[in-house]
2 protein chains.
Amino acid sequence: MKNIISNINKAFDHRIRLGIMSVLMVNDHADFKTLKELLGATDGNIASHTKALEKQNYIKVEKSFIDRKPNTRYIASDKGRKAFREHLDALEKLLKTKNELNI
Amino acid sequence: MKNIISNINKAFDHRIRLGIMSVLMVNDHADFKTLKELLGATDGNIASHTKALEKQNYIKVEKSFIDRKPNTRYIASDKGRKAFREHLDALEKLLKTKNELNI
DNA sequence: TTAAAGTACTTTGAAAAACAAAGTAAAATA
DNA sequence: TATTTTACTTTGTTTTTCAAAGTACTTTAA
């Protein structure tokens with residue numbers, strides 16, 4: 001390992017993306033509105049952060065119509081789950097490890 | 001509480017700032033070079049992220065000369081320690097809580 | 001002694017990211 | 001039929017991030 005933060009994933013560096021992932025880790029899916037309400041974010045916000053996670057293939061997007069209305073459902077991909085778990089491990093290590101510095 | 005991420009501190013949303021704080025929580029101080037090496041960041045990076053944390057009064061900066069060379073030492077303030085602990089609590093809650101969604 | 005290289009930062013300005021307001025299109029309501 | 005609401009997406013400005021360049025020395029070496 002090069003440095004103490006090298007395993008911390010840039011993609012999860014933002015609280016909204018962290019929130020999205022943590023919701024999708026516990027619940028096997030969540031839709032746009034749910035994420036929006038749960039995270040207290042604006043529409044544009046959810047749109048761009050989910051897009052960012054989708055671009056990395058960390059979440060999958062399923063579009064359908066529910067009650068004749070458009071519905072966008074987000075699901076954490078295997079890659080995303082793995083990456084997120086690794087991120088959490090890295091976080092935990094960063095915070096727990098008493099780094100030997102002698103300063 | 002308004003939403004599940006409302007206690008997650010924006011100031012710690014970045015891995016370099018997270019790293020700086022975690023180093024300063026465990027070690028009572030660290031200087032510029034140490035942070036730079038420990039985090040594998042560039043000079044400008046450390047400068048701007050420490051400045052951001054200083055602006056929030058989360059860290060204190062002490063400038064002196066050691067061996068005739070300038071030395072900048074960073075220390076977590078009480079406010080910073082408190083804020084960071086609260087941030088970690090919020091993180092933990094976010095990740096542990098099985099949010100009741102019924103979806 | 002003076003030129004070149006190194007140290008410890010700070011400043012700068014371009015690039016990327018974040019944000020909310022505005023836009024879209026269809027559905028529900030009145 | 002008009003108006004409001006829902007469920008998003010797009011847009012363009014603001015903010016943040018970043019590393020390259022700059023500053024002000026100190027050290028080494030010729």
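None of the values given here were measured: they were computed from a predicted structure. Within every chain, numbering begins at 1; the chains are lettered A, B, ... in the order of the sequence lines, protein sequences first and strands thereafter.
- The phosphate of dA19(D) (OP1 or OP2) has a side-chain N or O of Asn45(B) nearer than 4.0 angstrom.
- To the nearest angstrom, C1' of dA28(C) lies 17 Å from CD1 of Ile66(A).
- Residues Tyr74(B) and Leu35(B) have side chains in contact (heavy-atom distance under 4.5 Å, counting atoms from C-beta outward).
- In this structure, Ile46(A) atom CD1 and dA18(C) atom C1' are separated by 13 Å, rounded to whole Å.
- Here dT10(D) presents its P atom at 12 Å from CZ of Phe32(A), a figure rounded to the nearest Å.
- Counting to the nearest Å, the P atom of dA17(C) and the CG atom of Leu53(A) are 13 Å from each other.
- Between Lys69(B) atom NZ and dT10(C) atom P there is a gap of 16 Å when expressed in whole angstrom units.
- With hydrogens and angles ignored, a donor-acceptor pair under 3.5 angstrom links the side chain of Asp43(A) to the base of dC8(D).
- Both Lys10(A) and Lys33(A) sit near DNA chain D, but only Lys33(A) has its closest nucleotide nearer the 5' end.
- At least one side-chain nitrogen or oxygen of Lys51(A) sits closer than 4.0 Å to the OP1 or OP2 atom of dT10(D).
- In this structure, Thr72(A) reaches the sugar-phosphate backbone alone: every heavy-atom distance under 4.0 Å involves primed, P, OP1 or OP2 atoms, never a base.
- The nearest whole Å value for the distance from the NZ atom in Lys55(A) to the P atom in dA17(C) is 7 Å.
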Margin query: Please evaluate residues Phe84(A) and Tyr58(A) with respect to the criterion ring pair (Phe, Tyr, Trp, His ring centres under 6.0 Å), reporting the C-alpha separation (whole Å), side-chain torsions for both, the decisive distance (0.1 Å), and the verdict.
Written below: CA-CA 9 Å; Phe84(A) 196 63; Tyr58(A) 286 165; 9.2 Å; no
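- Atom CZ of Phe65(A) and atom C1' of dA28(C) are 15 Å apart (whole Å).
- Asn27(A) contributes no side-chain N or O that, together with a main-chain N or O of Ala30(A), makes up a donor-acceptor pair within less than 3.5 Å.
- Taking CG of Leu88(A) as the start and CD of Glu92(A) as the end, the distance is 8.0 Å to the nearest 0.5 Å.
- In this structure, CG of Asp31(B) is placed 11 Å from C1' of dC9(C), rounded to the nearest angstrom.
- Of the side-chain N and O atoms in Arg68(B), none sit less than 4.0 angstrom from OP1 or OP2 of dA8(C).
- Of the residues near DNA chain C, Lys63(B) and Ile16(A), the one whose nearest nucleotide (by heavy atom distance) lies more toward the 5' end is Lys63(B).
- For the pair Gly44(A) and Asp67(A), both in contact range of DNA chain C, the more 5′-proximal nearest nucleotide belongs to Gly44(A).
- Within a 6.0 Å radius of NZ in Lys82(B), other residues, nucleotides and ligands contribute 12 heavy atoms or fewer.
- His49(A) has no side-chain polar atom (N or O) that falls below the 4.0 Å cut-off from OP1 or OP2 of dA20(C).
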